[in-house]
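Here's the structure we're looking at; comments come further down.
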Amino acid sequence: MDYLAALTRVVDDVVGPNAAEVDRTGAFPRASLRALAEAGLLGLCSSREVGGGGEGLRAGAAVVAGLAQACGSTAMVVLMHYSAAAAIEALGPDDVRHAIAAGEHLTTLAFSEVGSRSQFWAPLSSAIPHGNVDVRLDAAKSWVTSAGEADSYVWSSRPVAAEGPLTVWLVPADTPGVSVAGDFDGLGLRGNGSRPVRGEGAVIPAANRLGEDGAGLDLALSIILPWFLIGSAAFSVGLMRAVIAETTTHLTATQLEHLGQTLARQPGLRADLAQMQITADAADALLGDCLNAVEHGREDATLRVLEVKASAGEASIDVTDLAMKVCGGAAFRRELGVERRFRDARAARVMAPTTDALRDFIGRALTGLPLLGEA
Ligand SMILES: Cc1cc2nc3c(=O)[nH]c(=O)nc-3n(C[C@H](O)[C@H](O)[C@H](O)COP(=O)(O)OP(=O)(O)OC[C@H]3O[C@@H](n4cnc5c(N)ncnc54)[C@H](O)[C@@H]3O)c2cc1C
């Protein structure tokens, strides 16, 4: 499947034209998700064995980057879908894997909690046995992208009985006792529907556990996080590419009429644009190296995976901040699109693992300390 051609079509026909309205109203981008499903892009990274596109991290990252160039909200929904789908693909039931591959099932991650906040490795929510074959989930999830829109949640809890830090479940969104517990009126990514979700006596089959009881952190670190961290970096790179293009257009198309010159004739503005390009290229190059490291099983692959989101997320904040300066008052108005990029970029810093947490993980890895626990 020529997924890049399919992506270009969907972006040009649906995602791009809807992006400003999704941002303005905060509406979930359903039309974009439908078009992506029909084009086979929601099942792109499911294995061929279940009818998916059989692609991996590199293709998933390219799709997220392409979407982020047009609509951050849609890109975030797809990023969370790919991250959660990777866990289901590895450990979930065949019927759900088939449905994801067919583009008929949207999923997402329900990790962050009201109590432990961005420290998703320490959930406070519970899973307790209910009869012989079920478990009862109780939780206060603080942010879930696509809440109330997704068909399932990949959901963390404390273990039922095991010693480990957490257990992961596949929770059908229509499970009685699972409810969306608030609205989302955010600064950026306004259409991604990141709302709180509550579990109150939500009973699911114990067989919906993804992996062993207590082994959820291994699942998160080995399968979910590479998808999320690499996809998040790709998101930031796509966003930077878009804002650099928008800034370039502004500089080359806008006149200083009293001088008879375009803004591009101002050396300071060109220097800022150059810095934007250098920052974006550096982050993109690290992302490329990370993908190579993962694909070739290089020794530094884990370190690179930890680095890419922090690198690209912070880069996109710097680049969009410069774009706001270079494009001046024009950028302050909505029509240029630059202020939307500026707002959307800021989520990466605080999405878990946050930039601060990643820097701590990287420092621990470099000094031979465990990623989590007492340092
Ligand atoms: C748009 C958006 C979409 C989201 N979608 C999802 C989703 O689909 N699923 C999901 O599970 N979550 C999601 N989240 C939640 C996200 O992953 C974080 O959990 C959340 O943003 C953290 O917010 P908080 O107020 O709880 O931050 P806090 O945890 O209170 O953090 C505040 C500050 O403390 C710092 N800090 C916290 N812990 C550490 C540490 N160990 N080391 C160093 N510094 C630390 C942080 O870096 C941050 O700067 C989403 C968030 C946003 C903004």
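For clarity, every value in this text was computed on a predicted model and none was experimentally measured. When a residue number appears, it is its place in the shown sequence, counting from 1. Remember, it's 1-based here, ligands and their atoms both numbered in the order they're listed.
Here the heavy atom of the protein found nearest to atom 38 (N) of ligand 1 is Gln119 NE2, 2.9 Å. The protein heavy-atom contact nearest to atom 46 (C) of ligand 1 is Thr354 OG1, 3.6 Å. The nearest protein atom to atom 49 (O) of ligand 1, hydrogens excluded, is given as Asp356 OD2, 3.5 Å; this is a heavy-atom distance. Distance from atom 5 (N) of ligand 1 to its nearest protein heavy atom, with residue and atom name: Thr145 OG1, 2.8 Å. At the top of the distance list for atom 37 (C) of ligand 1, counting protein heavy atoms only, stands Ser118 OG, 3.5 Å. When only non-hydrogen protein atoms are considered, atom 17 (O) of ligand 1 lies nearest to Ala352 N, 2.8 Å. Trp143 O, 3.4 Å is the protein heavy atom nearest to atom 13 (C) of ligand 1. Here the protein heavy atom with the shortest distance to atom 42 (N) of ligand 1 is Ala357 CA, 3.9 Å.
Checked by distance only, ligand 1 and Val350 come closer than 3.5 Å through their nitrogen or oxygen atoms. Considering backbone and side-chain atoms together, Ser112 places an N or O closer than 3.5 Å to an N or O of ligand 1. At under 3.5 Å, not a single nitrogen or oxygen of Met351, backbone or side chain, sits near a nitrogen or oxygen of ligand 1.
For atom 32 (C) of ligand 1, the nearest protein heavy atom is 4.0 Å or more away.
Using a 4.0 Å cut-off between heavy atoms, Asp360 makes no contact with ligand 1 at all.
Using a distance-only test at 3.5 Å, with no hydrogens or angles considered, a donor-acceptor pair links the side chain of Asn18 to the main chain of Val14. When atom types are taken as modelled, the side chain of Asp213 and the backbone of Ala161 share a donor-acceptor pair closer than 3.5 angstrom. Listed for the Asn192 side chain is a donor-acceptor partner under 3.5 Å among the backbone atoms of Leu189.
With contacts defined as side-chain heavy-atom distances shorter than 4.5 Å, the pair Arg334/Glu339 qualifies. Here the side chains of Thr175 and Leu137 are not in contact, with every heavy-atom distance at 4.5 Å or above. A 4.5 Å side-chain heavy-atom check between Arg190 and Asp185 finds at least one atom pair inside the cut-off.
Val114 and Trp155 fall into different hydrophobic clusters, defined by Ile, Leu, Val, Met, Phe, Trp and Tyr side-chain heavy atoms under 4.5 Å apart, directly or through other members. Both Leu67 and Val319 belong to a common hydrophobic cluster when Ile, Leu, Val, Met, Phe, Trp and Tyr are linked at side-chain heavy-atom distances under 4.5 angstrom. No chain of hydrophobic side-chain contacts below 4.5 Å, direct or via other Ile, Leu, Val, Met, Phe, Trp or Tyr residues, connects Trp169 to Leu219.
In the vicinity of Leu109, heavy-atom distances shorter than 4.0 Å reach the ligand 1 atoms 7 (C), 8 (O), 9 (N), 10 (C), 11 (O). Atoms of ligand 1 found under 4.0 Å from any heavy atom of Met80, numbered from 1 in the order shown, are 5 (N), 6 (C), 7 (C), 8 (O). Within ligand 1, the atoms closer than 4.0 Å to a non-hydrogen atom of Asn192 are 1 (C), 3 (C), numbered from 1 in the order shown.
For Lys309 and Ser236, the side-chain atoms include no donor-acceptor pair closer than 3.5 Å.
Note on ring orientation: taking the six-membered ring where Trp is involved, the planes of Trp143 and Phe184 are perpendicular (angle over 60°, cut-offs 30° and 60°).
Nearest to atom 2 (C) of ligand 1 by heavy-atom distance, out of Ser194, Gly188, Ala348, is Ser194.
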